[in-house]
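Reading through the structure tokens given below for one structure.
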Amino acid sequence: MNDHTYDAIVVGSGISGGWAAKELCEKGLKTLVLERGRDVVHREDYPTMHTHPWEFPLRGALPLSVRKENPVVSRCYAFRDDADHFFVKDKEHPYVQDQPFDWIRGYQVGGKSLLWARQVQRWSKYDFEGPGRDGFAVDWPIRYDDLAPWYSYVERFVGVSGNKDGLDTLPDGEFLPAWEMNKLERDIQQRIVAAYPDRKFVIGRCAHLTEPAEHHTRLGRGQCMARSLCQRGCPFGAYFSSNAATLPAAALTGNLTMRPHSVVHSLIYDDQKEKVTGVRVIDSETLETTEFFAKVIFVNASALNSNLILLNSISNRFPNGLGNDNGLLGKYVAFHNYRGSISASADRHLDSYYYGRRPTAVMLPNFRNVKKQEMDFLRGYMTFYSASRKGWGGARNEPFGPGFKEANSELGDWSVYMMMQGETIPKEESRVYLDADQTDRWGMPLLRVDVGYDDNDEKSLKDFLEQGVAMLETAGCYGISTRDSKQAPGLDIHEMGGVRMGRDPKTSLLNGWNQMHLCKNVFVTDGACMTSTGTQNPSITYMALTARAVDYAATELKKGEL
Ligand SMILES: Cc1cc2nc3c(=O)[nH]c(=O)nc-3n(C[C@H](O)[C@H](O)[C@H](O)COP(=O)(O)OP(=O)(O)OC[C@H]3O[C@@H](n4cnc5c(N)ncnc54)[C@H](O)[C@@H]3O)c2cc1C
């Protein structure tokens with residue numbers, strides 16, 4: 001037992017687990033990180049990081065057979081030959097869809113931090129006030145001011161590029177130099193703001209080192225080269241991942257034990273001690289079961305997997321899942337509505353080009369229902385757009401010869417792409433739960449997902465498409481066409497909830513410190529904890545909540561309260 005006892009256990013080594021590990025280790029706690037996937041060592045295990053396009057047999061596409069075998073993950077834009085090894089394949093990890101739900105996962109050390117698109121925006125005070133003001137879900141137990149210093153704390157370490165734009169709907173942070181809008185994007189922005197003064201577009205904020213600080217280079221991280229090959233793993237450590245940043249920082253303390261191939265089956269609850277004493281682990285290769293023990297447990301297996309583990313943590317005291325007296329564990333799951341997009345063209349600034357690539361787009365923070373309810377739907381959406389020159393493809397219909405060469409040397413007009421990221425409303429009927437009969441090869445019950453769109457999502461989508469068209473018309477674009485992808489929830493990869501935070505143990509699972517109301521030494525700080533979804537990309541909020549929760553947990557541990 002002594003060999004298997006630590007001060008703290010972290011379940012999962014992705015974005016939030018990496019943060020939990022770093023913070024716990026830096027506070028002097030001997031920390032065991034249990035990760036179900038294989039080890040992925042920064043740089044050493046990025047097999048395609050230097051592969052040229054022509055070295056991929058299908059120039060990056062995956063064979064049809066692979067796509068047919070993997071209909072769910074194939075719908076993710078990044079599931080291609082250069083990064084497919086970081087994605088979970090459909091058949092290896094089944095789940096049950098009561099309604100269509102594309103569950104996109106990355107099971108390895110680093111989790112989805114290797115694959116994410118790195119867009120990071122703080123929530124605003126309006127987002128935390130949303131459920132309380134509008135009467136849905138349950139009131140958040142914290143407000144923006146509680147999290148603001150922790151956003152700053154994590155942004156400094158992560159390295160976030162952006163401008164100080166002074167918008168209360170998208171608070172400023174600790175920024176490295178920003179990427180730039182190109183000429184047409186600036187022009188579109190100016191024309192839209194002239195017509196709609198409350199719609200201020202900003203260049204995206206993203207987790208890329210545009211000017212590394214000393215604390216970044218000390219960890220071996222360097223400047224972003226704008227290769228736009230990030231999903232392969234970055235040899236420069238220029239974008240934030242657990243593998244390049246938090247896990248090396250945790251390892252430097254000497255307090256980290258990383259254990260890959262360790263599927264956490266459940267948490268062990270001790271009825272006498274009235275707390276969790278450890279976790280049951282199944283070796284993913286040998287299927288052998290082991291137990292590990294600690295004073296404090298951080299559950300960071302990603303939103304739906306954290307729900308699964310807690311639902312599977314059955315004891316005499318908690319027959320329906322850990323801390324689940326109110327029966328709400330697994331309920332109030334939500335996501336982001338990505339269905340709407342708009343394409344257009346523009347024929348101004350044809351003498352202008354841009355240099356290199358850029359890992360972000362232009363963002364318009366939500367402008368609907370911000371300060372009061374104005375629309376016939378709740379909440380709103382963030383809008384992203386980008387503009388790039390068409391060209392080099394203009395020669396497609398030319399026969400070989402001088403005309404072909406000529407056409408290939410000319411750039412076309414601009415193409416403009418706009419998309420939405422809509423808030424969805426967590427509802428009791430949107431839930432995940434355990435299948436009563438089926439288990440996976442590790443003996444874990446299959447997760448059933450019963451989450452769908454509702455009328456609010458349809459109205460919000462319609463509004464985005466109308467407003468987007470109106471804005472692009474105002475901006476002088478032509479050939480505007482709208483699209484409803486009708487994609488299933490889940491493909492946004494921003495699933496949240498099921499173990500929500502709140503003030504009252506009767507209506508929530510976690511308190512304002514991400515601590516289980518009914519089991520004080522368990523903390524859940526990934527997307528499962530989210531009371532509502534906001535319209536921002538969520539991961540920076542998970543990071544800030546995690547750092548804040550560890551600080552609290554470490555203080556409580558010192559006081560002997562856990
Ligand atoms: C293509 C793509 C683009 C994205 N773009 C963005 C973006 O721009 N901005 C943004 O904010 N977010 C983005 N996301 C989402 C982002 O990746 C997630 O929000 C984030 O990774 C969640 O962090 P996490 O720690 O909860 O989960 P993960 O990073 O998924 O880590 C969870 C870890 O837990 C492990 N695990 C699971 N179950 C168990 C178990 N039973 N036992 C042990 N270990 C377990 C997993 O193997 C995994 O390593 C994107 C995701 C993808 C795939």
Side-chain angles (χ1 to χ4, degrees), residues 9-21 32-40 73 75-80 83 86-88 93 102-122 158 204-208 230-231 239-243 246-247 258-267 279-284 298-310 312-313 335-336 338 359-361 363 384 421 440 442-444 447 490-496 524-530 534 536-543 545-546:
I9 288 175
V10 178
V11 182
S13 62
I15 288 189
S16 64
W19 265 99
L32 172 67
V33 176
L34 294 165
E35 166 54 54
R36 71 171 300 151
R38 68 193 162 97
D39 199 6
V40 172
V73 64
R75 286 193 273 273
C76 176
Y77 70 91
F79 184 68
R80 291 175 54 79
F86 291 142
F87 282 94
V88 160
H93 297 279
D102 292 338
W103 190 13
I104 309 296
R105 292 157 289 169
Y107 290 170
Q108 58 254 326
V109 167
K112 297 195 294 287
S113 76
L114 288 164
L115 291 167
W116 70 317
R118 310 158 308 278
Q119 304 308 302
V120 284
Q121 313 100 40
R122 291 182 178 207
V158 164
R205 293 148 186 198
C206 62
H208 284 251
C230 315
Q231 68 283 355
Y239 76 84
F240 172 84
S241 67
S242 303
N243 313 60
T246 43
L247 295 175
M258 169 65 69
R259 196 171 193 276
H261 299 296
S262 303
V263 182
V264 172
H265 170 277
S266 49
L267 274 55
V279 300
R280 282 179 207 97
V281 169
I282 299 157
D283 187 295
S284 66
F298 270 72
V299 184
N300 295 94
S302 79
L304 300 193
N305 273 313
S306 290
N307 276 276
L308 194 165
I309 293 168
L310 294 173
N312 202 35
S313 300
F335 57 96
H336 276 150
Y338 267 32
T360 192
M363 292 174 183
F384 298 86
Q421 185 165 277
D440 64 16
W442 300 275
M444 295 280 280
L447 193 71
L491 196 54
D492 44 290
I493 326 178
H494 292 173
E495 62 277 9
M496 295 175 231
V524 182
T525 65
D526 59 18
C529 76
M530 299 293 280
Q536 292 83 340
N537 294 68
S539 305
I540 195 82
T541 299
Y542 308 162
M543 300 188 215
L545 286 169
T546 304

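Every number for a ligand or one of its atoms is a count from 1 in the order of the listing.
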Quiz item: Which of the atoms in ligand 1, numbered in the order shown and given with their element, are less than 4.0 Å from a heavy-atom of Q108?
Solution: 47 (O), 49 (O)

Practice problem: Note the single closest protein heavy atom to atom 35 (C) of ligand 1, along with its residue, its atom name and the distance in Å. | Solution: E35 OE1, 3.4 Å

Practice problem: Give the residue, atom name and distance (to 0.1 Å) of the protein heavy atom nearest atom 23 (O) of ligand 1. | Solution: I15 CB, 3.5 Å

Self-check item: Working for side chain to side chain contact (heavy atoms under 4.5 Å, CB included), residues L545 and C529
Solution: CA-CA 9 Å; L545 286 169; C529 76; 3.7 Å; yes

Quiz item: Is there side-chain contact between S539 and V120, with at least one heavy-atom pair below 4.5 Å?
Solution: no

Practice problem: State the atoms of ligand 1, each with its element, that fall below the 4.0 Å cut-off from a heavy-atom position in L34. | Solution: 43 (C), 44 (N)

Quiz item: Is the shortest heavy-atom distance from the side chain of T541 to the side chain of M530 under 4.5 Å?
Solution: yes

Quiz prompt | Mode of I309 contact toward ligand 1 - side chain, backbone, both, neither (heavy atoms, under 4.0 Å) | solution = side chain

Quiz item: Heavy atom under 4.0 Å from ligand 1: found in H265's side chain, backbone, both, or neither?
Solution: neither

Exercise. Using a strict cut-off of 4.0 Å, indicate which atoms of ligand 1 neighbour a heavy atom of Y107.
Key: 46 (C), 47 (O)

Quiz item: What protein heavy atom sits nearest atom 37 (C) of ligand 1, and how far away is it?
Solution: A301 O, 3.2 Å

Quiz prompt | Subset of ligand 1 atoms that lie under 4.0 Å from at least one heavy atom of D526 | solution = 26 (O)

Exercise. Write down the atom of W442, the atom of D283, and the distance for their closest heavy-atom approach.
Key: CD1-O, 4.3 Å

Practice problem: Step through it carefully: locate the ring centre of H494, locate the ring centre of W116, and say whether they are under 6.0 Å apart. | Solution: no

Quiz item: What part of P538, side chain from CB on, backbone N/CA/C/O, both or neither, has a heavy atom under 4.0 Å from ligand 1?
Solution: both

Practice problem: For the residue pair Q536 and Q119, establish whether any side-chain heavy-atom pair is separated by less than 4.5 Å. | Solution: no

Quiz item: Going by the atom numbers of ligand 1, which of them fall below 4.0 Å from some non-hydrogen atom of G106?
Solution: 46 (C), 47 (O), 48 (C), 49 (O)

Exercise. Give the C-alpha distance, both sets of side-chain angles, the deciding distance and a yes or no for side chain to side chain contact (heavy atoms under 4.5 Å, CB included) between N537 and F384.
Key: CA-CA 11 Å; N537 294 68; F384 298 86; 3.5 Å; yes

Self-check item: Residue and atom name of the nearest protein heavy atom (relative to atom 44 (N) of ligand 1), distance in Å to one decimal
Solution: R36 N, 3.1 Å

Quiz item: Which of the atoms in ligand 1, numbered in the order shown and given with their element, are less than 4.0 Å from a heavy-atom of G12?
Solution: 33 (C), 34 (O), 35 (C)

Quiz prompt | Non-hydrogen side-chain atoms of Y239 and L114 separated by less than 4.5 Å | solution = yes

Quiz item: Can you tell me the protein heavy atom closest to atom 8 (O) of ligand 1 and the distance?
Solution: Q119 N, 3.0 Å

Quiz item: Which of the atoms of ligand 1 are close to S262, meaning less than 4.0 Å from one of its heavy atoms?
Solution: 42 (N), 43 (C)

Practice problem: Looking only at protein heavy atoms, identify the closest one to atom 4 (C) of ligand 1 and say how far it is in Å. | Solution: A117 N, 3.2 Å

Quiz prompt | contact_flag H494 ligand 1 heavy-atom lt 4.0 Å | solution = yes

Practice problem: Would you check whether F87 has a nitrogen or oxygen atom less than 3.5 angstrom from a nitrogen or oxygen atom of ligand 1? | Solution: no

Self-check item: ligand 1-proximal atoms of R118, by part, heavy-atom distance under 4.0 Å
Solution: backbone

Quiz item: Starting from atom 29 (O) of ligand 1, which protein heavy atom do you reach first, and at what distance in Å?
Solution: K112 N, 3.1 Å

Self-check item: atom 10 (C) of ligand 1 [closest protein heavy-atom partner, distance rounded to 0.1 Å]
Solution: S539 OG, 3.2 Å

Quiz prompt | Numbered atoms and elements of ligand 1 in range of L115, under 4.0 angstrom, heavy atoms | solution = 1 (C), 2 (C), 3 (C)

Self-check item: Within-cut-off N or O pair, I493 and ligand 1, under 3.5 Å
Solution: no

